[in-house]
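Only one structure is covered here, and it is reproduced in the block below.
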Amino acid sequence: MNTVALLSTPIELPALPYDQGALAPVISANTLSLHYGKHHKSYVDTLNKLIVGTEFADMPLRSIIRATSAQSDHVEIFNNAAQAWNHAFYWKSLKPNGGGEPPAQLKRMMEVSFGGVDQCKKELSKAALSQFGSGWAWLVQEGDKLKILKTRNAENPLAQGPKPLLNIDVWEHAYYLDYQNRRVDYVNAMIDKLANWSFAAENLGEK
Ligand code: MN
């Protein structure tokens with residue numbers, strides 16, 4: 001019997017919300033298989049090893065991220081916890097036959113905050129393309145406005161306050177097999193053909 005399982009509740013690797021081939025040809029089954037089955041799984045597995053027997057062992061993932069953010073003695077736990085969360089959020093930010101018109105309330109907020117849906121998409125694309133090296137681009141809600149953010153490596157907006165609505169993984173492992181160095185083609189295809197605006201709209205909250 002595995003005694004570790006008796007001592008703590010492991011963080012789970014959530015199931016992909018679609019088949020591994022469902023996002024092709026924009027994101028191939030090969031990329032998804034490695035990205036989910038190796039990269040994402042490895043963040044979850046590593047996190048579970050790191051938190052055994054620590055104060056973080058029974059915390060929900062979001063609480064681990066908030067508790068370790070910007071704590072120099074917990075960098076490794078933060079990185080793996082944040083990447084575990086970022087990837088679960090990324091899979092939901094995508095859907096087969098995505099893109100298109102956002103739901104009405106989200107569309108209105110895009111118009112108020114950016115001047116229109118297309119301008120919002122352009123800002124999101126710009127953030128994803130200008131993130132130097134590995135990281136993430138985010139559509140977030142702050143009060144009654146929407147904003148675009150970019151973060152480095154594993155960092156995410158959870159500890160700072162803005163509410164994440166949708167994200168884009170711009171680590172090379174997200175696109176290199178399909179697009180090599182052409183991040184621009186991956187980002188624009190993702191926004192136009194896979195962005196799950198319904199998921200983004202479901203994340204809209206009061207604050
Ligand atoms: Mn990734």
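Note that ligands are numbered from 1 as they come in the structure, with each ligand's atoms numbered from 1 the same way. Predicted model, so just to flag it, every value in this text is computed and none were measured.
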Using the rule given for side chain to side chain donor-acceptor pair (under 3.5 Å), can you reason through W171 versus H39, listing the C-alpha separation, both sets of side-chain angles and the distance that settles it, and then say yes or no? CA-CA 11 Å; W171 286 57; H39 290 275; over 6 Å; no

Taking the Mn ion (ligand 1) as the centre, count the protein N/O/S atoms lying under 2.8 Å from it. 4

Derivation and outcome, ring pair (Phe, Tyr, Trp, His ring centres under 6.0 Å), residues H40 and Y90: CA-CA 11 Å; H40 189 182; Y90 173 65; 9.6 Å; no

Over 12 foreign heavy atoms within 6.0 Å of CD, Q119: yes

If we check side-chain hydrogen bond (donor to acceptor under 3.5 Å, both in side chains) with N86, which of these qualifies: N156, D169, N167, N153? N156

Report the C-alpha separation of Y186 and Y176 in whole Å, then their side-chain angles, then the decisive distance to 0.1 Å, and conclude whether the ring pair (Phe, Tyr, Trp, His ring centres under 6.0 Å) test is met. CA-CA 9 Å; Y186 153 70; Y176 213 83; over 10 Å; no

Is the shortest side-chain N to carboxylate O distance from E123 to K126 below 4.0 Å? yes

